[in-house]
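One structure is given below, encoded as structure tokens.
Counting starts at 1 for both ligands and their atoms, following the listed order. Owing to the predicted nature of the structure, the values given are computational and were not obtained by experimental measurement.
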Amino acid sequence: MKHNSQFSILNSQFNLCLLGLGMLIFPLFQSCTAEVLPPKAVLPIPSERQLAWHELEQYAFIHFTTNTFTDKEWGYGDEQPAIFNPTDFDAEQWVETIRDAGLKAVVLTTKHHDGFCLWPSQYTEHSIKNSPFLDGQGDVVKAVSDACRKYGLKFGIYLSPWDRNRADYATPEYIQYYRNQLRELLTNYGEIFEIWFDGANGGDGYYGGAKERRKIDNRVYYDWANTHAIVRELAPQAVMFSDAGPDARWCGNESGFVGNPNWNTINIDTLHPGKANIGKLLNHGEEQGSAWVPAEVDVSIRPGWFYHEKEDSLVRTPENLFKIYLESVGRGSNLILNLPPDRRGLLHENDVQALKAWKQLLDKTFAVNFAANAQASADNYRGKSKKYAAANVTDGNKDSYWATDDAVIDATLEIDLGNSQTVSYVLLQEYIQLGQRIKSFTIEAFKDNTWIPLAEGSTIGYKHILPVEPTETAKIRIRIVDAKACPVISNVEVY
Ligand code: FUL
């Protein structure tokens with residue numbers, strides 16, 4: 001190409017000029033738009049499968065087997081399959097009722113301690129295939145998992161490690177049997193969201209006719225690590241529950257509450273399913289725990305786990321179920337509420353009634369969130385970047401959050417409700433993708449020109465719902481008093 005030399009000198013001067021200007025402006029421009037980095041995670045943090053599990057919040061447990069027909073809680077293991085014969089079995093009635101109650105999944109006892117299998121397992125004769133139910137052609141696991149898919153619920157399984165029917169229980173052969181069954185269940189019944197590994201072992205049983213006491217060493221007998229590997233291989237999305245995790249832990253009681261404080265973290269290397277005297281530890285978790293293993297609150301709607309006619313009048317009241325909700329989901333745990341089908345194979349009318357009224361109570365209480373899209377302000381927000389501003393806690397987006405500068409832990413967040421409202425509950429959520437951080441906080445209401453205390457709390461985690469003395473106010477203030485690192489709050493709701 002030919003050049004006009006004068007033009008090219010001019011041109012290069014112009015370019016130099018532009019370059020100089022650029023060098024001046026660019027840093028300025030950069031300092032205005034430089035991305036303020038998010039807080040570093042406080043370890044440990046939840047896995048993807050645990051995050052999905054947290055969002056389910058509450059689901060149903062179904063205890064159903066020969067015990068339903070023998071009126072027992074723990075079958076000895078010598079029950080005849082012939083006694084399993086529900087007259088009006090309808091898995092859709094269970095699942096539709098469960099869905100209407102606002103529960104998001106079902107965990108079914110596919111085999112309880114008595115060893116009777118609710119599916120036609122190829123590895124035993126002690127199953128539904130030798131019962132009169134549907135002439136031995138029935139499969140309760142299939143019926144329930146199909147109903148769950150139809151009604152949009154997730155499906156999970158309970159497979160009792162203790163088996164009082166098996167002659168080989170307490171030998172290595174039984175572990176192979178258990179794993180074979182697990183493979184059957186994880187292969188033939190679609191996606192499984194949770195597997196329940198029960199730690200119970202009462203000792204005595206039928207054991208193929210031996211009728212004796214067999215105690216195993218809970219620390220080593222089941223070789224859990226290799227069983228867990230099967231689950232990870234066949235059902236990578238499934239959360240494994242036991243006293244010791246690895247994904248979710250028992251809450252330490254069967255009465256329907258998790259501790260307050262409730263840490264999602266715990267040191268599982270010292271735990272094993274069935275370990276004695278760990279109720280309190282599991283109930284609260286450990287602030288310095290090295291693994292993310294949140295608690296699940298298992299409780300029955302009746303005194304027993306299985307259906308007993310004599311308990312028809314003892315179904316929990318809607319008010320009691322509401323209290324359980326506040327002390328489980330409301331403390332950042334998941335609730336698994338047991339609903340035992342009766343001998344007809346239906347959820348009993350009294351249980352259905354209680355569930356309906358409980359749902360109405362929940363819907364009524366949490367009908368209007370006074371903080372939805374409300375103005376929010378904070379005395380500090382990270383790098384003064386909008387990305388971390390207070391408004392993120394009222395925007396209804398669970399992925400946006402308010403966060404402070406790294407050095408600021410003691411910070412306050414103010415929510416302007418616009419109008420004066422009677423406030424009875426405050427709901428807080430941490431953005432747990434960055435770990436559980438808050439250790440202590442207070443809630444205040446602005447009343448008669450002054451801030452009055454409403455509540456004090458410790459942990460928040462996935463969710464904390466604090467009931468407060470009903471108070472007329474137009475402004476709520478949340479003060480973070482102590483935390484492992486700068487607070488990261490994704491949601492505040494006020495009712
Ligand atoms: C316990 C069992 O022994 C009960 O029968 C019930 O299944 C409950 C959920 O777990 O450990």
Inset, instruction - Compute the minimum heavy-atom distance from Trp74 to ligand 1 and say whether it is under 4.0 Å. - result: yes
Inset, instruction - Return a yes/no value for Trp196: is any of its N or O atoms, backbone included, closer than 3.5 angstrom to an N or O of ligand 1? - result: no
Legend entry - Numbering as shown, the atoms of ligand 1 that approach Tyr158 to under 4.0 Å (heavy-atom distance): 7 (O)
Inset, instruction - Would you mind checking which non-hydrogen protein atom is closest to atom 2 (C) of ligand 1, with the distance to 0.1 Å? - result: Asp198 OD2, 3.2 Å
Inset, instruction - Answer yes or no on whether Lys215 is positioned over the face of Trp162, meaning its NZ or CZ is under 6.0 Å from the six-membered ring centre and within 45° of the axis. - result: no
Legend entry - Side-chain heavy atoms of Trp94 within contact of Cys148, under 4.5 Å: no
Inset, instruction - Please test Tyr158 against His63 for ring pair (Phe, Tyr, Trp, His ring centres under 6.0 Å), starting from the C-alpha separation and ending with a verdict. - result: CA-CA 9 Å; Tyr158 167 114; His63 275 66; 5.8 Å; yes
Inset, instruction - Identify the protein heavy atom lying closest to atom 6 (C) of ligand 1, giving its residue, its atom name and the separation to 0.1 Å. - result: His63 NE2, 3.4 Å
Legend entry - Contacting atoms of ligand 1, where contact means under 4.0 angstrom from a heavy atom of Ala200: 3 (O), 11 (O)
Inset, instruction - Check whether more than 12 heavy atoms from other residues, nucleotides or ligands sit under 6.0 Å from atom NZ of Lys439, and answer yes or no. - result: yes
Inset, instruction - Could you tell me which atoms of ligand 1, counted from 1 in the order shown, lie closer than 4.0 angstrom to a heavy atom of Phe61? - result: 9 (C)
Legend entry - Donor + acceptor pair across side chains of Glu57, Asn334 (<3.5 Å): no
Inset, instruction - Kindly indicate whether the side chain of Pro467, heavy atoms from C-beta on, has any atom under 4.5 Å from the side chain of Leu326. - result: yes
Inset, instruction - Look only at interatomic distance and state if Glu73 has a nitrogen or oxygen under 3.5 Å from any nitrogen or oxygen of ligand 1. - result: no
Legend entry - Pi-cation contact, Tyr207 with Arg166 (under 6.0 Å, within 45°): no
Legend entry - Heavy-atom nearest neighbour in the protein, as seen from atom 3 (O) of ligand 1, with distance rounded to 0.1 Å: His113 NE2, 2.9 Å
